[in-house]
Amino acid sequence: MTRPVLLQLVPLADHPALQRVDEHYERVQVSDPGQLPSGLARRVQIILASAMTPITAALMDQLPALKAICSIGVGYDAIDRRHAHQRGIAVSNTPDVLNDCVADMAWALMLDTARRVSEADRYVRAGQWRQANSFPLAMRVSGKKLGIVGLGRIGQVIARRAGGFDMELRYHNRRPRKDVDWHYEPSLIELAHWADILVIAAVGGDETRGLINRAVMDALGPQGILINISRGSVVDERALVKALQEGRLGGAGLDVFESEPGVPEELARLDQAVLTPHVASATRETRDAMLRLTLDNILHFQRTGSLLTPVAFHE
Ligand code: 8YV
């Protein structure tokens, strides 16, 4: 009997659960789904992708038998969920299993940017320490004011870690959360004004595009630090480069960018920016857990027709 096709749009590490998936599906890996022969395209029931793989309406419509999109990652802004919903295609992501590592990375970027760790490393390697002991002073982190934009699952883990640094904490969200005691700040500008460090942990997509604009950066100010571990689209990157160049913003720690893997050259030239290549979830443990949850979603869907961690769609 011919098995339905599982279209794999990303390279995968080896995982024991893959064998079980392969018993039920013919796994076809392509990097450009446009290259898929129409005979195979007609048999695709599942797409296996990463959170950064664009899943457009056009791609879905190339696949008439598509039933589920299983994405490795928590963000779903790359998926046209409205179209999936209209076609009755289920969508899953990998919530919770990456919270700790993404939160850890937010802290790594905070400490690095404030304490100039990467810059200090470059200074030592370049032999500058031997020439003159002139490394600039950094900013203290402990005891400072931390603002979090987006207090979802990851935002809350970042917030919990702030206790260890004796920091005051406030957050901005679409709505105040009833299940936490942290101070809610209804105005993003006011939060930026109050905070020494502002961490962006909001969802990506149209509702947050360009949310962190010049006015927010100016409110954060010349000593302020901006950290982004969510999506590059949330920050106006041109405004950020200008704010850093003109000294209107103190520093930025960024794991995500507007046009990944593209990073503006001007940004890469700035010592007060710490840049990492979208690796917040990229530890062996967490990537393994993300893949496992995705494969579990696929196997559950094969057995029951529903997903373990579906992404709900609201009009
Ligand atoms: C990864 C992410 O880059 O979870 C997300 O939304 O952006 C990241 O964890 C990606 O999904 C890896 O596959």
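This structure is a prediction, so every number in the text was calculated from the model and none was measured. First listed ligand is number 1; within each ligand, the first listed atom is number 1. All values below come from the heavy atoms of this structure, side chains included, with hydrogens, waters and symmetry mates left out.
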Among Leu146, Ile225, Val141, exactly one meets side-chain contact (heavy atoms from CB on, under 4.5 Å) together with Met110. Which residue is that?
Leu146
Between Arg238 and Glu258, does any NZ, NE, NH1 or NH2 come within less than 4.0 Å of an OD or OE carboxylate oxygen?
no
Does a side-chain N-to-carboxylate-O contact under 4.0 Å join Asp271 and Arg122?
yes
Can you list, by chain and residue number, the hydrophobic cluster partners of Val117 when the side-chain cut-off is 4.5 Å?
none
Check Arg161 with Asp100, please: is the shortest side-chain N to carboxylate O separation under 4.0 Å?
yes
If only atom types and distance count, is the side chain of Thr276 paired as donor or acceptor with the main-chain N or O of His278 below 3.5 Å?
no
Put together the list of close N/O pairs, under 3.5 Å, between ligand 1 and the protein, could you?
unit_1, atom_1, unit_2, atom_2, d
ligand 1, 3 (O), His278, NE2, 3.1
ligand 1, 4 (O), Val74, N, 2.7
ligand 1, 6 (O), Val74, N, 3.4
ligand 1, 6 (O), Gly75, N, 2.8
ligand 1, 6 (O), Arg231, NH2, 2.8
ligand 1, 7 (O), Arg231, NH1, 2.9
ligand 1, 7 (O), Arg231, NH2, 3.2
ligand 1, 7 (O), His278, NE2, 2.8
ligand 1, 9 (O), Ser281, OG, 2.8
ligand 1, 11 (O), Ala51, N, 3.4
ligand 1, 11 (O), Ile72, O, 2.7
ligand 1, 13 (O), Ile72, O, 3.1

